[in-house]
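Here the structure is laid out as structure tokens; the discussion comes afterwards.
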Amino acid sequence: MSSNSKIIDTHAHLDFPQFDSDRPQVIERAKKAGVEYMVNVGSSLEGSRRSVELAGISKFIYATVGIHPHDAAKVDDKVFAELELLAKGERVVGIGEIGLDYYKSKVPKGLQQEAFRRFLDLAVRLKLPAIIHNRDADDDTLTILKEFSAKGLKGVMHCFSGDEEYLKECLGLGLYVSFTCNITFKNAKRLREVCCNTPIERLMLETDCPFLAPQVVRGSRNEPANLRYLVELLAELKGLTVEDVARITTYNAKSFFSIPLTDVEALPRIAYNIRDSLYLNITNRCSNGCSFCTRGISDFVKGHNLTLEREPTFEEVIAAMGDVSAYKEIVFCGFGEPTLRLDLICQVAKYLKEKRAKVRLVTNGHGNLIHKRSIVSDLRAIIDRVSISLDVDSKEKYLKICKPQFGPGTYDNIIDFIKECKSAGLDVEVTCLDIEGVNIKKCKELAKGLGVEFRQRHLNMVG
Ligand code: SF4
């Protein structure tokens, strides 16, 4: 991990006695390992008090307050009133650890559920996210979470260990999912597969220390500095760099717990890096109004702020790119349709060709409609590869889902654009989305019939 990369341990128990002899040293090791903050999760009344106390002493620590289901029987009015007071503290960022545990807990299910509901209600009232523990209680946990998600609950499934179906249910409720270092265990193949299928935009990192030390130090006391092993594994599983995983999960954690971004993190990006590609964000305008577009929902994509204050000039794009020699490719992409700024694409791509860079254009394929003429001859000499987002398998679906400003003829026009690009000798790939209702097999056949490559895109995937 580069020295600039920062990560957040979203679930640690530094208040536990296992850290009594060397807590300051543990914190120092975490900082050296790139941990920017840790969220100390309260799991008992005393633990919640300690959690708030620790957050008061160290700016490195944020606190949450809650009672683990093991102690649910202790949640009476007095205890709850004190926790509610603690929850209003300045550096308290969540309610938890709360939930249901039918595996180990001796507390009757009814009592656990009552306490869980009480805390979820508190989370909703105080507009704080909930940190949810679930062990062997999938159905009841989901039933209760559904009640509260209808009331605006924000939550994370801590130490996720469910299957694909459960993951889908949780994501459907808008919940985040956090994985611990137990995914590094040799026997955690199934969990690693579930992790692979978790959109990284909803994923957070945690150690759950002192428990669940990673495979390399398994059996020892876990601590926040070990989070880097999780980052390394996630990068491998997701086909990203460790810097990408660090940036994205840190953004997720800050956004989830309402921890302020640094000025650098908040800065709108003209050029942004993912894996070994550099992406150029030259406009936020678009000729589509896709129902799945995230522009209206968040300013951020993969941990980069892509909402521009204004469209950049040629000079600003060149300055934002810096030295391009380290990148595999430079990609016109961003939070809008790049061909709306065709002149800028031509200018920048020409500059890049002089630098012998590989240049790719990601487009919705509306360029000919936007400029009321064929733009392919403009692109031929300066663009190496075009990724055309056809998204769906029929014109009817395109009209309904992508809502193009050019109306019903748009889909056929994109097909013509694909053919033209292919005949002009450009490398062409067509991409479609793996969302419900899209027939991917049909999309693949369509691309095959056009003699171009095909790629299936997941929602939120860039480029
Ligand atoms: S084409 Fe891309 S930028 Fe435009 S609306 Fe659709 S998803 Fe958003």
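In each ligand, atom 1 is the first atom listed, and ligand 1 is the first ligand listed.
- By the 30° and 60° cut-offs, the orientation of the rings of Y279 relative to Y272 is parallel.
- A side-chain contact (heavy atoms from CB on, under 4.5 Å) with V362 holds for exactly one of V386, V331, L280; it is V331.
- In this structure, atom 7 (S) of ligand 1 is in close contact with the protein, since a protein heavy atom lies within 4.0 Å of it.
- No salt bridge links K400 with E396; every basic N to acidic carboxylate O contact stays at or beyond 4.0 Å.
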Would E337 and N288 count as a side-chain hydrogen bond (donor to acceptor under 3.5 Å, both in side chains) if you check the C-alpha gap in whole Å, the side-chain angles of each, and the deciding distance to 0.1 Å?
CA-CA 8 Å; E337 170 48 33; N288 263 348; over 6 Å; no
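- Between F160 and Y166, the ring planes lie parallel to each other; the angle is under 30°, not in the 30° to 60° tilted range.
- The aromatic rings of H366 and F406 sit perpendicular, their planes meeting at an angle over 60°, well past the 30° parallel limit.
- At a cut-off of 2.8 Å, measuring from atom 4 (Fe) of ligand 1, the protein N, O or S atoms that fall short of it are C286 SG, waters left aside.
- Listed by number with element, the atoms of ligand 1 under 4.0 Å from a non-hydrogen atom of F292 are 7 (S).
- The residue from N364, T431, V428 that alone fulfils the side-chain contact (heavy atoms from CB on, under 4.5 Å) condition with I388 is V428.
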